[in-house]
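Below is one structure; the comments refer to it alone.
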Amino acid sequence: MWSWTEASPWVPLLAMITYLAMAGLILAFVPFHWRHLGWANRLTLGRGLLIALLTGALADPELLARYATPLGALALLALMLDGVDGWVARRTSTQSDFGARFDMELDAWLILVLCLALLLLGKAGPWVLAIGAMRYAFVMAGLKLTWLTAALPESRRRKAICVWQVAALMIALQPLAGATATNWLAGSALVGLAGSFMVDICWLYRHASTRRPEGCRTGSHS
């Protein structure tokens with residue numbers, strides 16, 4: 001049977017630190033006028049607890065190797081809840097920019113955790129971290145190139161690729177997935193994500209160009 005009591009003490013400690021960090025960020029960025037988070041954000045926070053547990057497991061690679069299947073089930077549950085909190089927000093008319101950002105950042109962290117798990121288990125090389133790091137590289141680039149921080153339109157393509165990333169990485173973590181299958185699964189996630197980012201970056205650049213004064217526009221190769 002799977003039991004956290006078999007894990008290194010660093011596992012619950014890292015999980016607790018991760019969850020407290022999430023709670024701290026929520027308190028720091030939640031809109032001041034809100035009196036309560038609402039059911040959708042509470043569900044997202046519950047999903048954050050599952051992701052914090054998965055993060056804690058990174059502290060014990062032996063635990064990861066022994067219980068890859070139940071840990072994968074945790075990741076699957078977190079993925080399923082990703083659709084539920086959005087549905088609840090729409091049903092209760094409580095959609096917000098904060099809720100969407102909270103949801104997106106949890107997705108990004110889950111993907112990074114799964115990439116780190118593959119690396120720690122020796123199932124993929126350091127290149128797999130590019131999948132989890134791409135979102136954070138995009139955010140860092142936005143500190144310099146402010147046009148990258150503009151709002152993007154809703155995209156089914158973006159959502160589908162996010163789901164495929166999590167699904168592919170979860171499957172790759174399973175003991176039955178050999179080196180070839182793992183490389184194909186993680187590789188497809190990386191290629192799909194890179195392509196999606198390129199589409200979004202091109203869209204942001206084109207629309208940033210249309211907002212610039214005429215004298216400030218750069219030349220076009222089209």
Side-chain angles (χ1 to χ4, degrees), residues 18 22 43-58 61 64 67-87 99-142 148 151-204:
T18 302
M22 287 180 190
L43 277 171
T44 308
L45 192 57
R47 191 161 68 90
L49 176 59
L50 300 177
I51 296 171
L53 291 174
L54 289 169
T55 304
L58 296 177
L64 276 175
Y67 299 113
T69 299
L71 288 170
L74 273 185
L76 178 61
L77 180 57
L79 179 63
M80 292 170 64
L81 286 175
D82 187 20
V84 174
D85 53 13
W87 180 83
R101 183 64 181 268
F102 181 20
D103 198 48
M104 180 175 61
E105 297 303 338
L106 272 185
D107 289 339
W109 184 252
L110 173 60
I111 289 165
L112 180 58
V113 167
L114 294 174
C115 292
L116 285 166
L118 282 174
L119 180 64
L120 288 171
L121 291 175
K123 300 199 73 175
W127 63 267
V128 78
L129 296 181
I131 303 171
M134 206 173 297
R135 160 70 187 163
Y136 299 101
F138 180 79
V139 171
M140 293 298 292
L148 287 173
L152 285 161
E154 287 288 322
S155 168
R156 290 185 179 179
R157 176 253 311 160
R158 203 178 300 122
K159 292 176 180 177
I161 287 175
C162 178
V163 169
W164 172 245
Q165 284 179 87
V166 177
L169 295 171
M170 282 192 306
I171 296 169
L173 277 171
Q174 299 311 303
L176 291 177
T180 301
T182 296
N183 287 331
W184 275 103
L185 287 164
S188 69
L190 178 57
V191 170
L193 180 63
S196 183
F197 265 105
M198 285 304 300
V199 171
D200 287 341
I201 289 169
C202 289
W203 187 93
L204 289 167

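Of the residues listed (Arg135, Gln165, Met198), the one engaging Leu193 in a side chain to side chain contact (heavy atoms under 4.5 Å, CB included) is Gln165, and it is the only one.
To the nearest 0.5 Å, the span separating CG on Leu119 from CG on Leu114 amounts to 13.0 Å. Between atom CD of residue Glu105 and atom CD1 of residue Ile51 there is a gap of 11.5 Å, rounded to the nearest 0.5 Å. Considering CG of Leu54 and CG of Leu49, their distance stands at 10.0 Å, rounded to 0.5 Å.
With hydrogens and angles disregarded, a donor-acceptor distance shorter than 3.5 Å links the side chain of Arg158 to the backbone of Pro153. Using a distance-only test at 3.5 Å, with no hydrogens or angles considered, a donor-acceptor pair links the side chain of Lys123 to the main chain of Gln174. A donor-acceptor pair is defined here as one N or O able to donate and one able to accept, closer than 3.5 Å; no such pair exists between the side chain of Ser196 and the backbone of Gly192.
Heavy atoms from other residues, nucleotides or ligands lying under 6.0 Å from CH2 of Trp127 number more than 12. Atom CE of Met104 sits in a crowded spot, with more than 12 heavy atoms from other residues, nucleotides or ligands closer than 6.0 Å.
In terms of heavy-atom proximity, Ala117 sits nearest to Leu173 at CB-CD2, 3.7 Å. When all heavy atoms of Leu190 and Ala130 are compared, the pair lying nearest together is CD1-CB, 4.0 Å. Heavy-atom minimum distance, Met134 versus Phe197: SD-CD1, 3.4 Å. The minimum heavy-atom distance between Pro175 and Thr69, with the atom names listed, is CD-OG1, 4.1 Å. Nearest heavy atoms, Leu112 versus Tyr136: CD2-CE1, 4.0 Å. Across Ala186 and Ile131, no two heavy atoms sit closer than the pair O-CD1, 3.3 Å.
Ion pairing between a basic and an acidic side chain is recognised when a charged N comes within 4.0 Å of a carboxylate O; Asp200 and Arg157 show such pairing.
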Inset, instruction - In sequence, state the C-alpha distance, the side-chain angles, and the governing distance for Leu74 and Met170, and then conclude on side chain to side chain contact (heavy atoms under 4.5 Å, CB included). - result: CA-CA 10 Å; Leu74 273 185; Met170 282 192 306; over 6 Å; no

Legend entry - Trace of the side chain to side chain contact (heavy atoms under 4.5 Å, CB included) decision for Arg47 with Leu43: CA-CA 6 Å; Arg47 191 161 68 90; Leu43 277 171; over 6 Å; no

Legend entry - Chi angles and distances behind the side chain to side chain contact (heavy atoms under 4.5 Å, CB included) call for Leu81, Leu50: CA-CA 10 Å; Leu81 286 175; Leu50 300 177; 3.9 Å; yes

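The closest side-chain heavy-atom distance from Leu169 to Leu185 is not below 4.5 Å.
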